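Keep in mind that this is a model prediction, so the values were computed, not measured.
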Amino acid sequence: MRHFLLVFLGLFSFITVKAQTQPWQGKFEPIDNLLAPPNSYRTASGAPGNAYWQQRADYHIKATIDEKNNILSGEETITYHNNSPDDLSYLWIQLEQNVNKKGNEDFGSINNTIKEGINTRQMQFLTRAIDFPAGYTIKHIKDHNGKTIKSLVNNTMMKVLLDQPLKSGASMSFSIGWSYHITDRSMYLLSREGYEYFPEDDNTVYLIAHWFPRMAVYNDTEGWQNQQFQKLGEFALEFGDYEVEITVPEDHIVASTGALQNSESVLTKTQRKRMALARKSFDKPVMIITKEEAEDNEKQKSSKQKTWKYSAKNVRDFAFASSRKFMWDAQAVKLPTNTVMAMSFYPKEGLPVWQEESTKAIMHALEVYSEATFDYPYPVCISVNTSNIGMEFPMISFNGGRPKNGKISDGAKQGMIGTIIHEVGHNWFPMIVSSDERKWMWMDEGLNTFLHQRTVAERYPGFNSTTPKSIVPFMSGDKNILRPVMTASDNELFSQFGANFYLKPTVGLQMLRHSIIGKDLFDQAFKEYANRWKYKHPNPSDLFRTLEDATAVNLDWFFRGWFFTTDHVDMELTNVKWFKVYEENTNIEDRSKTSKAKIVAQGQNANAETNDFSGGPEVINMASTPDAAYGQFLSRLDEPEIRKQLSGKNIYEVSIKNVGGLVMPVTISWEYTDGTTEIDRIPAEVWRRNEYQIKRTFIKDKEVTKVNLDPYFEFADTDTKNNAFPKVDSSSEFDTFKKKKASN
């Protein structure tokens, strides 16, 4: 072995020296050093381990809306189950409403630029010139015996100090009394909840979310996830069962997480009959509350109250909406293992498009996402119309998009439908596959946008949708400010988080599905990840490892480049050389005259650059192999047969340079003189031995007129002008190629 190694090194050392003109970056090395090591909780395959555990929190909540003063007050009992192997001497509670307090550490920091012509609302975001009350008033925290429990509040987190540690395997119950002023959503930026006031009829739509003190996550990878809420990074939450009573004005209609428990008390006999009809209507929605009935409700302004009761099993959060303005429609959606009631709530300002499209969009999302992952498990799925927002919670989402004077542009309609699909899709990611949004926004937004775009492509083929081309402007950006996908949620630039956390992971998954792994194998692996981690807390390493484990495809090079760096794809087709081979005993000089090509003996002038194919092929005199080249092998190749097989064939040597730094598979299109086309696909591993430039040889029966890289734009190449040979305007060449491919 040593002798062979020395001979090998001697033969190829000149190639190594020549190739390494740029520093080696290890683009194909394992990413083990970038991931937490596997253990008994999280295995090397990406699955939960046999010792995996997670905490649980069950809630009983009673809440009341004071419409006159816009105050929400509540009393909740939390039963917390310590399933960890650790004894806990304190608990952390999330108090997200405190983020709206004046003086909050994050106030005004998301968009803090004063510029010429700044509008008044933007100035309000920055200065809070009109102050408003916000944040929790914690009235009490008591144990199950009514004894006061001490606590300390740190901004959006509250530390509950226990007299005795909560032992591993034990549980405890305690109660919290609280209230807060519901905020006007127009008053502050990134308003995920609050109220919207309609001056024309003097009514309000309440969107009530992250409204009650909630248990923070305690897990095996970081202990307490008690990172402060700073608006961009959303939530990390434990699963539990909820029993919730919501008291609102008598003429209000409530849309909520969970199954309604007292319909006979809050719905009229007519409304209950309509709901029964809707449960059997699989082809169109049934109106539960009509426009005329909603308009009558708008006029009542009842001073009486009534209580809506809901039950929700195994959810990680709870939200609701309440208004006397709501119209309400519902339709049944049949899934293989479950029938779901898809429902939409909207004011008359949403007509006609919400009545026409909202529940239909819910149905499409339920069907496509269920097929791609697992059947939607909950009894209802609700879309509530509001302004300027898309926000998700278990079983319910708040979705913007409204017509103006009953009319809506095609673009706005597409945006509205896309928002509904996207927010409904969040029921899977992260409401069930419960990743840590506060730390890794891309794990829920990116995966969800990927399936959202798949839903649009399959159910709304005429709509615009995300493709690899969508990410090119971002990938082409200034590397001094670009950040990797693997950046914590609150640390991304506000102007870039949409591209980095939504679009880039989406495009990456599209590449894996369509161009790297293949649709069938990828779909099975993605479903495997979703089912492994439903009702659990996955981390990025669990996703990466599962996709490799379930496909037998080494993807470390892809995860390293796409998620951990800001490299981009820019492959340059630097040269294409054309050769022909003739048998050794032919008159080469005569052949060269007809081909108008020079003789290249033993590779002389092999590095000469060419601009096109107009000079004809170079002719190679292929010599016989000397015996010494076979070493100690006694067998010999049938060299006459090899020459015969190659004789007269067209040989093309393609040279490609990796300009952008991000390695990707190479797709080459060939257009022949007879007008036909052909595709060759080379896996990304072609870059293993040289990360910066490669050469590849192809044998073709026909003569080639044009060569293009990435003709279908699968890999987000940021500069297509250097993808073609002969050197021409590559964008027009791609268009021509696609048309010919389609016609063929």
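- In this structure, K695 contributes its side chain and I656 its backbone to no donor-acceptor pair below 3.5 Å.
- When all heavy atoms of N98 and G135 are compared, the pair lying nearest together is OD1-CA, 3.4 Å.
- With N448 contributing its side chain and H422 its backbone, the two residues share a donor-acceptor pair below 3.5 Å.
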- [ ] Show your working on side-chain contact (heavy atoms from CB on, under 4.5 Å) between F613 and T705 and close with a plain yes or no.
- [x] CA-CA 7 Å; F613 299 116; T705 59; 5.6 Å; no

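- In this structure, the side chains of D567 and K27 come closer than 4.5 Å at one or more pairs of heavy atoms.
- A donor and an acceptor atom, one from each side chain of S435 and D444, are nowhere located under 3.5 Å apart.
- Partners of E234 by salt bridge (charged side-chain N to carboxylate O under 4.0 Å, His left out), not counting sequence neighbours, listed by chain and number: R192.
- Side-chain contact of R696 with S655: a donor-acceptor pair under 3.5 Å is absent, judged by distance alone.
- Under the 4.5 Å side-chain criterion, counting only non-hydrogen atoms from C-beta, R545 is in contact with L35.
- Two residues are said to be in side-chain contact when any heavy atoms from C-beta on lie closer than 4.5 Å; M475 and V472 fail this criterion.
- Side chain to side chain, N658 and E691 fail the donor-acceptor criterion of an N or O pair below 3.5 Å.
- In this structure, the side chain of T127 engages the main chain of A129 through a donor-acceptor pair within 3.5 Å.
- Looking only at distances, no side-chain donor or acceptor of T667 sits under 3.5 Å from a matching main-chain atom of R681.
- Scored by the ring pair (Phe, Tyr, Trp, His ring centres under 6.0 Å) test, H364 finds Y460 as partners (sequence neighbours excluded).
- Checking R214, E437, H210 one by one against L237, the side chain to side chain contact (heavy atoms under 4.5 Å, CB included) holds for a single residue, R214.
- Ion pair D549/R532 flagged as a salt bridge, since at least one NZ, NE, NH1 or NH2 atom sits closer than 4.0 Å to an Asp/Glu carboxylate oxygen.
- Between R128 and K101, the shortest heavy-atom distance links the atoms NH1-C, 3.3 Å.
- Evaluated for a side chain to side chain contact (heavy atoms under 4.5 Å, CB included) with V663, the options W687, Y692, F558 yield exactly one hit, W687.
- Checked by atom type and distance alone, the side chain of Q228 pairs as donor or acceptor with a backbone atom of N154 at under 3.5 Å.
- Using the six-membered ring where Trp is involved, F393 and F398 have ring planes that are tilted, between 30° and 60° apart.
- Separating the CG atom in L503 from the OG1 atom in T506 is a distance of 6.0 Å, to the nearest 0.5 Å.
- With contacts defined as side-chain heavy-atom distances shorter than 4.5 Å, the pair T386/N399 does not qualify.
- Within a 6.0 Å radius of NZ in K413, other residues, nucleotides and ligands contribute 12 heavy atoms or fewer.
- Counting only distance, with no hydrogens or angles, the side chain of S409 and the backbone of A412 share a donor-acceptor pair below 3.5 Å.
- By the 4.5 Å heavy-atom criterion applied to side chains, M443 and F501 are not counted as neighbours.
- In this structure, the side chains of Y369 and N427 stay at 4.5 Å or more apart for every pair of heavy atoms.
- Ion pair E678/K706 not flagged as a salt bridge, since none of the NZ, NE, NH1 or NH2 atoms sits closer than 4.0 Å to an Asp/Glu carboxylate oxygen.
- Although no hydrogens or angles enter the test, the distance criterion places a donor-acceptor pair under 3.5 Å between the side chain of R438 and the main chain of Q227.
- Contact of the S515 side chain with the Q510 side chain is not registered, since no non-hydrogen atoms from C-beta on lie closer than 4.5 Å.
- Judged purely by atom type and a 3.5 angstrom limit, S434 has no side-chain atom pairing as donor or acceptor with the backbone of M431.
- Using bins of under 30°, 30° to 60° and over 60° for the plane-to-plane angle, the ring pair Y502/F497 lands in the perpendicular bin.
- The two residues N385 and G401 make their nearest non-hydrogen contact at ND2-O, 3.2 Å.
- A 6.0 Å sphere centred on CD1 of I130 holds no more than 12 heavy atoms belonging to other residues, nucleotides or ligands.
- Residues E196 and L207 are not in side-chain contact: their nearest non-hydrogen atoms beyond the backbone lie 4.5 Å or more apart.
- Between the side chains of S541 and N539, no donor N or O sits under 3.5 Å from an acceptor N or O.
- Contact between R560 and L34 at its shortest, heavy atoms only, is NH1-CD1, 4.2 Å.
- R483 and N500 are not linked by any side-chain donor-acceptor pair at a separation below 3.5 angstrom, with hydrogens and angles left out of the test.
- Between F563 and W442, the angle of the ring planes lies from 30° to 60°, which puts this pair in the tilted group.
- With no hydrogens or angles considered, no side-chain donor-acceptor pair links T156 and E96 at under 3.5 Å.
- Using modelled atom types, no side-chain atom of D556 and backbone atom of F559 make a donor-acceptor pair closer than 3.5 Å.
- A372 and L451 make their closest contact through CB-CD2, 3.8 Å (heavy atoms, listed as atom of the first residue, atom of the second, distance).
- When every heavy atom of V507 is checked against every heavy atom of P468, the shortest pair comes out as CG1-CA, 3.6 Å.
- Using a 3.5 Å distance cut-off with no hydrogens or angles, the side chains of E423 and S397 do not pair a donor with an acceptor.
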